[in-house]
Amino acid sequence: MKLAGLKYLENAHDESIWAVTWVPATDVRPALLLTGSLDETVRLWRPDELTPQGTNTGHCLGVVSVAAHPSGVIAASASLDSFVRVFDVDTNATISTLEAPPSEVWNMQFDPKGTILAVAGGGSASVKLWDTATWQLIATLVVPRPEVPKPSDKVGTGKFVLSVAWSPDGKRLACGCMDGTISVFDVGRTKFLHHLEGHFMPVRSLVYSPVEPRLLFSASDDAHIHIYDAEGKTLIGAMSGHASWVLSVDVSPDGAAVATGSSDRTVRLWDLSMRAAVQTMSNHTDQVWGVAFRPPGGTGVRAGRLASVSDDKSVSLYDYS
C-alpha cells in the first residue's frame with residue numbers, strides 16, 4: 001500500500017484549515033471534498049483537480065468541524081460561534097441552524113443511515129443527537145466520570161468531549177474526551193456502556209473500521225494511535241511514530257490501512273497487518289488537522305483518494321493504492 005502525491009493547493013483558505021470530509025457522490029455529480037477553516041468559511045472542491053466548487057459563508061467565527069450526510073445531498077458545519085449550519089450541498093441553501101451554548105460544538109458526524117447527527121458537546125460532557133428529519137434534539141448522551149479519578153483530573157472539573165464516531169451499523173457511538181478516555185454508548189437505548197482506557201491526553205479523532213465493525217481507532221495528543229475492540233473493552237494494539245500530537249485518524253475503505261495527521265506536520269500511512277507506519281508524507285509546513293479517505297462509490301471511480309488539511313492553509317490530495 002502506498003500514497004502518491006496528486007495535488008497540493010496552497011492558500012486554499014485565508015486561514016488555518018481545521019476540518020475536512022468527503023461528500024459522497026450522487027447520481028448527478030462525483031464525490032466532493034469539503035473543508036472548513038478559521039476564516040469562517042466552508043469550501044467545496046472537485047475531487048481530482050481541487051478546483052473550487054463553492055464557498056459557504058454564514059458563520060461568524062472559525063469552522064471547527066464538517067460532516068456530510070451519506071446521501072451526499074446535505075452537509076453540516078460547526079463553528080466556534082456555537083452554531084451548526086446544515087445546508088444543501090449543491091445549492092448552499094440553509095436547511096437548518098442548530099444552536100448550542102458557547103464551546104459546546106466540536107466534532108460531529110451523521111450516522112450511517114443519515115437519520116441522526118451526533119455533535120460532540122464540549123464542556124457539557126455530552127453528545128447531542130439531532131433528528132435529521134425534523135432537526136429537533138432527540139437525545140443527550142452524558143459521559144459519566146470514571147469511578148477512579150485520573151491524576152490529570154482536577155477536582156470538580158467535568159469531562160470535555162472532543163470527538164465522535166459511529167459504528168458501521170449505527171448502533172454504537174464512541175466519543176473521545178480531553179482526559180484521554182473514550183466512552184461507548186448504545187444509541188438505541190441511549191445508554192452508556194463502558195469506557196475504553198489507555199490514553200492520558202486528549203483524544204481528538206476516532207473512527208471505526210468499515211470492515212471489522214468492532215475495531216475502533218483513536219488519535220491522541222500522547223502521540224499514539226490505539227486500536228480497540230470497542231465491544232470487548234480491550235486495547236488490542238498501539239502504534240507510535242509521530243513526534244507530537246496525533247490530531248486526526250481515518251481508516252481506508254478496504255480496512256487495511258489508517259492515515260493520520262499530526263502536529264509534527266506529517267501525514268502517515270499505517271499498515272494494519274504490520275501495525276507500523278509504511279509511509280510519511282511531508283507536504284505540509286504546519287500541523288495537520290485533518291485526514292480523510294474518499295468513500296467508495298460514484299461512476300468511473302477507481303483509485304482511492306486521501307485528503308489532508310493543515311494550519312498552513314493548504315489542502316493535499318493523494319492517490320491511495
Side-chain angles (χ1 to χ4, degrees), residues 107-113 116 118 120-121 125-127 129 139-153 159-242 246 248-260 268-277 291 293:
N107 183 243
M108 58 184 180
Q109 197 177 39
F110 288 94
D111 77 318
K113 294 192 179 106
I116 301 171
S126 67
V127 178
L129 302 181
T140 300
L141 306 177
V142 178
V143 177
R145 295 179 65 76
E147 286 161 24
V148 181
K150 294 196 167 188
S152 59
D153 278 1
K159 282 180 173 290
F160 193 101
V161 182
L162 286 168
S163 51
V164 290
W166 288 94
S167 63
D169 62 8
K171 291 179 179 174
R172 299 281 187 266
L173 187 76
C175 62
C177 292
M178 194 79 90
D179 67 357
T181 53
I182 298 164
S183 304
V184 180
F185 291 88
D186 177 324
V187 178
R189 295 188 294 157
T190 60
K191 183 177 189 301
F192 168 76
L193 296 177
H194 47 256
H195 290 299
L196 301 173
E197 303 279 351
H199 289 300
F200 292 95
M201 292 178 76
V203 177
R204 292 186 189 268
S205 183
L206 293 167
V207 63
Y208 276 89
S209 167
V211 178
E212 296 281 349
R214 292 169 67 112
L215 282 190
L216 179 70
F217 302 94
S218 59
S220 169
D221 285 8
D222 61 18
H224 295 293
I225 301 100
H226 281 179
I227 309 166
Y228 293 95
D229 176 344
E231 293 295 303
K233 301 191 279 190
T234 49
L235 175 63
I236 55 177
M239 302 187 295
S240 57
H242 279 296
V246 189
S248 180
V249 61
D250 199 17
V251 61
S252 60
D254 60 10
V258 296
T260 52
R268 291 191 181 220
L269 184 70
W270 307 79
D271 182 324
L272 290 176
S273 61
M274 296 163 48
R275 293 193 189 166
V291 290
F293 281 101

Counting N and O atoms only, with roles assigned by atom type, does the side chain of [X] sit under 3.5 Å from a partner on the main chain of [Y], one being a donor and the other an acceptor?
X	Y	value
W166	P112	no
H224	S218	no
S248	V291	yes
S163	N107	no

Donor-acceptor pairs under 3.5 Å, side chain of residues 232-240 to any protein atom, not counting sequence neighbours: which ones?
none

Between H226 and H199, what is the ring plane arrangement, given parallel below 30°, perpendicular above 60°, and tilted in between?
-> parallel

Would you call D229 and R214 a salt bridge, using N to O less than 4.0 angstrom?
->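 Judged by the 4.0 Å cut-off on N to carboxylate O distance, D229 and R214 do form a salt bridge.
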
Would you mind reporting whether [Y] and [X] have side-chain heavy atoms less than 4.5 Å apart?
X	Y	result
V246	R268	no
R172	D186	yes
L215	I227	yes

Distance from S167 atom OG to L216 atom CG, nearest 0.5 Å?
-> 9.5 Å

Pairwise distance CD1(I182) to CD(E197) - rounded to 0.5 angstrom =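 Those atoms lie 9.0 Å apart.
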
Please name all residues satisfying side chain to side chain contact (heavy atoms under 4.5 Å, CB included) with [X], sequence neighbours left out, ordered by chain then number.
X	result
P253	F293, P296
D254	S252, A256, Y320
S183	V143, C175, F185, F192, H195

Using ring-ring contact (aromatic ring centres under 6.0 Å, His included) as the criterion, list what pairs up with F217, not counting sequence neighbours.
-> none

Identify, with sequence neighbours excluded, every residue that meets side-chain hydrogen bond (donor to acceptor under 3.5 Å, both in side chains) alongside Y208.
->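 If we apply the side-chain hydrogen bond (donor to acceptor under 3.5 Å, both in side chains) test to Y208, skipping adjacent residues, there are no hits.
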
